Protein chains: 2
Amino acid sequence: MPKVAESTIRRLSLYLRFLEEFEEQGIETVSSKALAGRGGTTSAQVRKDLSFFGSFGKRGLGYSVPELAGRLRTIIGLGHRYPLALIGAGKIGSALVQHRGFAERGFDIAAIFDRDPEKIGQPWNGHAVRDISELEAALTAEPVEIAVITTPADAAQAVADRLVAVGVKAILNFAPVKLDVPEDVTVKAVNLALELEVLSYALTNR
Amino acid sequence: MPKVAESTIRRLSLYLRFLEEFEEQGIETVSSKALAGRGGTTSAQVRKDLSFFGSFGKRGLGYSVPELAGRLRTIIGLGHRYPLALIGAGKIGSALVQHRGFAERGFDIAAIFDRDPEKIGQPWNGHAVRDISELEAALTAEPVEIAVITTPADAAQAVADRLVAVGVKAILNFAPVKLDVPEDVTVKAVNLALELEVLSYALTNR
DNA sequence: GTTTGTGAAACGATTCACAGCT
DNA sequence: AGCTGTGAATCGTTTCACAAAC
């Protein structure tokens, strides 16, 4: 398996989106230049990104839109749907559950856990909220590979430990703490206030 | 003004958080090693990051916690609060409005706009939703530097154009499209499905 | 003639290692 | 003795440029 930078993978995901748009429009063939123009990159970058995984184009012609889309789905691992566990039935959790973009891209929220007795058992955005104490039982019966943590910061590490114990291998973490996990578990952190601080810096330094 | 990588700015924001924790604990002085251990980096990285902006430490001793925190606030531009305009009173918007982390870090949602007549004028998470047609008038009367776009993809570029026209200089964009803006306007994109796809890739390639 | 695929070159970020203060 | 600040070395990513394929 080639060792590839995350920035490359992110661009591949974007290329896939563009290819799907081209597919809808019935466009059969696309050049690296056209793909690059659609996102904010260069044709050389597109070709280099793809070259890590193989050679999918025809010289002089470009890439077959459906073929390249299929290849990218395979590379990224989108050949099947992913059930997700969501821990934390709060504001962000609610937004994610309702978020159309997840299901559209193959990610289904399959189980929701919270600690708050007022929420447990209640219907919530069309799902039932389960008691966090059932986490082990539920995720043993129906395992997931990916979990999303939207708990407060002080609960996140304990939740992560329990997820890892039941075999979760990837975590999307919205809690503003660095999670400590075994190295075969992948964590992606999303920190919204941090993004605003980057904007603040940009505003300040002009 | 030094030209500094975004990755450096992101780490500075994290260092500031850690310093604030140390401050609460009454810790007076901290070494680059201690700051590094708290986030996931190295002491050399911490010192290099700070060195772009000056020399704030004492050799043999480390950094004064309150002083360094103050310096970082100045560098990042957190010396004052930022009013934000939010465009799109949907699920993600709702989560952001309620999100404690924004206000905690100095960002206040000051105006919310939507296109949906059912939402306009309604109280919504403690704020009033205004008609998007009032955007120019409202943001001229009370300008903001930073706006957050949570509209559907197909509305985002038009909204961005209007924001730029009323002087917005930084945009946090949750719509899954690349925004085209003048080069003096900074855009940060947040694409949640993309983060899951990065996890999918990691799961697939082991 | 056009566009890919890819080594080589350029660029950028991180890590090293040590001189210089306290 | 301990820890910072920083030039130099290393490592990784992007861009260039061109031969090969169609």
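Model, not experiment: these values are computed from the prediction. FYI, side chains are in, hydrogens and waters are out, and symmetry mates aren't considered; it's all heavy atoms of this structure. Numbered from 1 within each chain, the chains take letters A, B, ... in sequence-line order.
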Between [atom2] on [N] and [atom1] on [X], what's the gap in Å once rounded to a whole number?
X     : N      : atom1 : atom2 : value
B:L50 : C:dT14 : CG    : C1'   : 15 Å
A:F52 : D:dG12 : CZ    : P     : 12 Å
B:E6  : C:dG12 : CD    : P     : 16 Å
A:E28 : C:dT3  : CD    : P     : 17 Å
B:L61 : D:dG2  : CG    : C1'   : 9 Å
B:R10 : C:dT14 : CZ    : C1'   : 17 Å
A:K48 : D:dT14 : NZ    : P     : 11 Å
A:R11 : D:dG12 : CZ    : C1'   : 12 Å

Give me the ring orientation class for A:H80 and A:Y82: parallel if the planes are under 30° apart, tilted from 30 to 60°, perpendicular past 60°. tilted

Nearest heavy atom decides the nucleotide; on that basis, is A:Q45 or A:G60 closer to the 5' end of DNA chain D? A:Q45

Students often get this wrong, so: under 4.0 angstrom with heavy atoms, is A:S32 touching a base, only sugar-phosphate, or nothing? sugar-phosphate

Base, sugar-phosphate, or nothing: which does B:K33 touch, judged by heavy atoms less than 4.0 Å apart? nothing

Under 4.0 Å between a Lys/Arg side-chain N and an Asp/Glu carboxylate O for A:R38 and A:E21? yes

Does a salt bridge link B:R105 with B:E20, judged by any charged N lying under 4.0 Å from a carboxylate O? yes

Would you indicate, yes or no, if D:dT13 has its OP1 or OP2 atom less than 4.0 angstrom from a side-chain nitrogen or oxygen of A:S7? no

Look at B:Y63 and D:dG5 and indicate whether a side-chain polar atom (N or O) is within less than 4.0 Å of OP1 or OP2. yes

Side-chain touch B:Q157/B:D180, heavy atoms, less than 4.5 angstrom: yes

Toward the 5' end of DNA chain C, which comes first, B:T42 or A:S31, by nearest nucleotide? A:S31

Establish whether the base of C:dT22 is bridged to the side chain of B:R59 by a donor-acceptor pair shorter than 3.5 Å. no

Which atoms form the tightest heavy-atom contact between A:A85 and A:V144, and what is the distance? CB-CG2, 3.9 Å

